[in-house]
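Just below is one structure, and these are the notes that go with it.
As a basis for the values below, the full set of heavy atoms in this structure was taken, side chains included, without hydrogen atoms, waters or symmetry mates. What you are looking at is a predicted structure, and each value in this text was computed from that prediction instead of being measured.
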Amino acid sequence: MLASDCQKVDGIIFTHEHADHTAGLDDIRPFNYKQGEMPIYAHKRVLEDMQSRFGYVFETVNKYPGAPSVKTIEIVNNEPFSIGNKLVIPVDVLHGNLQVFGYRIDDFAYLTDVKTIEDVEIEKLKNLKVLVVNALREEHHFSHFNLQEALDFIALVKPEKAYLTHISHILGFHEEVQKRLPENVFLAYDNLEITL
């Protein structure tokens, strides 16, 4: 966020409750100071988990004045919702046995921690310009796409471009792995900016 010089955040959309996807919640404080309460969007289960783990954020009595401030918005029944003038379409996937949301906004979709996805959800991903999807490593993993599964999924969805994220160091060095990828598939990296 610092490198991008981001000045405003309209809302935060959570995929699931695992720490590597929620632990940055405390860092919204500077945005709270500038713009007030931050809307956060998630499955009911995820909101409940976050209230348990980040109790000081959700406190309503004697709340510490410098604590982050949020407004929770439950994503109900996998239904689309709006943030500002953007329609957000939840994409229901499984991370092992755990339900996780990916999201489509316009011609962009972000799916992380995916292992399986139903055909009805794949239909939501047609005609994408950019797909971001996880590819943990080359070896099989019980709850994440490995590289081949991610590439097969990209071939099925057929976005104009795809970026692989949630990558383990085991996958290998960036330049070496990139040489083996299809011409429209790229490894994501810190501070990557995608223009649509």
Side-chain angles (χ1 to χ4, degrees), residues 10-23 39-53 72-168 170-171 177 181-188 192 194 196:
D10 295 319
I12 301 171
I13 312 169
F14 288 94
T15 57
H16 62 298
E17 63 269 38
H18 288 168
D20 54 330
H21 298 270
T22 59
I40 63 171
Y41 302 78
H43 189 283
K44 180 180 180 183
R45 180 196 78 240
V46 176
L47 293 172
E48 289 172 351
D49 182 83
M50 291 175 69
Q51 287 171 4
S52 171
R53 291 186 323 157
T72 60
I73 302 160
E74 180 185 341
I75 299 171
V76 179
N77 297 328
N78 200 10
E79 291 294 324
F81 57 95
S82 293
I83 299 179
N85 64 353
K86 294 292 182 184
L87 182 68
V88 181
I89 301 170
V91 181
D92 208 12
V93 303
L94 285 176
H95 174 32
N97 293 323
L98 180 69
Q99 180 278 338
V100 170
F101 278 135
Y103 299 99
R104 178 179 183 148
I105 302 171
D106 295 334
D107 297 328
F108 171 83
Y110 178 84
L111 303 176
T112 187
D113 288 23
V114 180
K115 183 61 178 183
T116 56
I117 179 170
E118 298 290 331
D119 289 344
V120 67
E121 299 299 307
I122 292 173
E123 285 300 312
K124 296 177 181 179
L125 301 170
K126 299 297 183 180
N127 303 310
L128 289 173
K129 288 186 178 174
V130 176
L131 169 67
V132 177
V133 66
N134 63 291
L136 189 66
R137 61 190 191 195
E138 294 206 41
E139 297 80 16
H140 171 80
H141 191 272
F142 72 97
S143 65
H144 289 272
F145 278 161
N146 66 13
L147 178 59
Q148 190 57 57
E149 289 168 330
L151 292 175
D152 291 345
F153 183 70
I154 292 165
L156 175 66
V157 174
K158 296 180 174 55
E160 290 180 19
K161 289 183 181 179
Y163 291 88
L164 303 178
T165 192
H166 211 301
I167 301 166
S168 165
I170 299 170
L171 188 60
V177 175
L181 298 178
E183 63 179 15
N184 69 326
V185 179
F186 307 91
L187 293 178
L192 170 66
I194 298 172
L196 297 173

#### Entry: Check against side-chain contact (heavy atoms from CB on, under 4.5 Å), T22 and H18
CA-CA 6 Å; T22 59; H18 288 168; over 6 Å; no

### Query
Are any non-hydrogen side-chain atoms of H21 and D113 less than 4.5 angstrom apart?
yes

### Residue N127 excluded, over 12 heavy atoms near CG under 6.0 Å
no

### Query
Is the backbone of I170 close enough, under 3.5 Å, to the side chain of S168 for a donor and an acceptor to pair up by distance?
yes

### Message
Measuring only between side-chain heavy atoms, which start at C-beta, is V185 closer than 4.5 Å to L151?
### Response
yes

### Query
How long is the gap from OH on Y41 to CD1 on I75, to the nearest 0.5 Å?
9.0 Å

### Query
Taking side chain as C-beta onward, heavy atoms only, is I40 less than 4.5 Å from I73?
no

### Task
Calculate, to the nearest 0.5 Å, the distance between atoms CG and CG belonging to L147 and L164 respectively.
6.5 Å

### Task
Check H16, E74, E17 against R45 for a side chain to side chain donor-acceptor pair (under 3.5 Å) and give me the one that passes.
E17

### Query
Hey, are the side chains of Q51 and T72 touching, using non-hydrogen atoms and a 4.5 Å cut-off?
yes

### Steps toward side-chain hydrogen bond (donor to acceptor under 3.5 Å, both in side chains) verdict (D92, Q99)
CA-CA 7 Å; D92 208 12; Q99 180 278 338; 2.7 Å; yes

### Query
Is there side-chain contact between L125 and I117, with at least one heavy-atom pair below 4.5 Å?
yes

### Message
Would you say the ring centers of F186 and Y163 fall short of 6.0 Å from each other?
### Response
yes

### Message
Show me the pairs that pass ring pair (Phe, Tyr, Trp, His ring centres under 6.0 Å) and involve residues 116-146, at least two apart or across chains.
### Response
H95-H144, H141-H144, H144-H166, F145-F153

### Task
Check whether any side-chain heavy atom of V130 sits under 4.5 Å from a side-chain heavy atom of D107, and report yes or no.
no

### Task
Kindly give the heavy-atom pair with the smallest separation between V91 and N78, and that separation in Å.
N-OD1, 4.1 Å

## Note on the structure
OH of Y103 to CG of L87, rounded to nearest 0.5 Å, is 13.0 Å

### Task
Say whether, by atom type as modelled, one donor and one acceptor occur between the side chain of N146 and the main chain of Q148 under 3.5 angstrom.
yes

### Query
Is there side-chain contact between I167 and L136, with heavy atoms separated by less than 4.5 Å?
no

### Summary
Here the gap from I154 atom CD1 to K161 atom NZ, rounded to the nearest 0.5 Å, amounts to 13.5 Å

### Query
Got a sec: does the CD of E118 have more than 12 other heavy atoms crowding it under 6.0 Å?
no

### Query
Which value, rounded to the nearest 0.5 Å, describes the distance between I89 atom CD1 and I105 atom CD1?
9.5 Å

### Query
Looking at side-chain heavy atoms only, is the closest gap between E160 and L131 below 4.5 Å?
no

### Query
With no hydrogens and no angle check, is any side-chain donor or acceptor of Y110 less than 3.5 Å from a backbone partner on T15?
no

#### Entry: Short side-chain to backbone donor-acceptor contact, K126 and E123, under 3.5 Å
no

### Message
Run the side-chain contact (heavy atoms from CB on, under 4.5 Å) test on V157 and L128 for me, step by step, so that the C-alpha distance in whole Å, both residues' side-chain angles and the decisive distance to 0.1 Å come before the verdict.
### Response
CA-CA 8 Å; V157 174; L128 289 173; 4.1 Å; yes

### Task
Can you measure from CG (L111) to NZ (K124) and round to the nearest 0.5 angstrom?
10.5 Å

